[in-house]
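Ligands are counted one by one from 1 in listed order, and the atoms in each one are counted from 1 as well. Basis for what follows: all heavy atoms, side chains included, without hydrogens, waters or symmetry-related copies.
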Amino acid sequence: MPMKPKLVDAFNIQIQAEFQSAYTYLGMAAWFAEQNLPGFAQWMRVQWQEETMHAMKLYDFLHNRGESVSLRPLAAPVKKYTSAVQVFEQVRKHELAITASINALYELALKEKDLPAQIVLQWFINEQVEEEALVVEIIERLKLVGSDGPSVYLLDRQMATRPAPVSGAQA
Ligand code: OFO
């Protein structure tokens, strides 16, 4: 069953938002690498992969529904950060905005009575709960270690252990 054009447009805008998230986190990965925090840089590279998967999940969904994917331009990420905790505060802010856009998209899918769209978006709603919790945990840990060098070093090593996302675009 074809999707309503308004819903297709909203999915395309969300694809852009997910790729923008990926690009933003890749910029953060570069910043961390430049601060000699390779573990945090690696964590952000995994996050970049995760966000690319989110975009591709929506991209595949539109294709599977026989709809057209219209890719939009991305903005250059800001790379002027002052501390690791400030980076993660930005991540939190960004993820809250993504949660709001996913929720609005879900509301639209409900309004348009598009059941497959609702189901795919439920996955995203759950994912946002996990992402927000994860980021808050990292912010708390960063606040706890403060500027204590050895603790920052240990935390950086721990951040490096984040596994890569499991199964490409299908996750
Ligand atoms: Fe970070 O969840 Fe997608 O954007």
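- Within the structure, the ring-ring contact (aromatic ring centres under 6.0 Å, His included) test picks out no pair touching residues 99-121 (sequence neighbours left out).
- Note: F11 and F61 have parallel aromatic rings, judged against thresholds of 30 and 60 degrees for the angle between ring planes.
- Listed by chain and number, the protein atoms of type N/O/S under 2.8 Å from atom 3 (Fe) of ligand 1 are E18 OE1, E51 OE1, H54 ND1; waters are omitted.
- In this structure, the ring of F88 has its center less than 6.0 angstrom from the ring center of W43.
- Counting all heavy atoms, side chain and backbone alike, A41 lies closest to A33 at CB-N, 3.7 Å.
- Note: W31 and Y81 meet the aromatic proximity criterion, with ring centroids under 6.0 Å apart.
- Proximity of Q16 to F19: side-chain heavy atoms (C-beta onward) are nowhere separated by under 4.5 Å.
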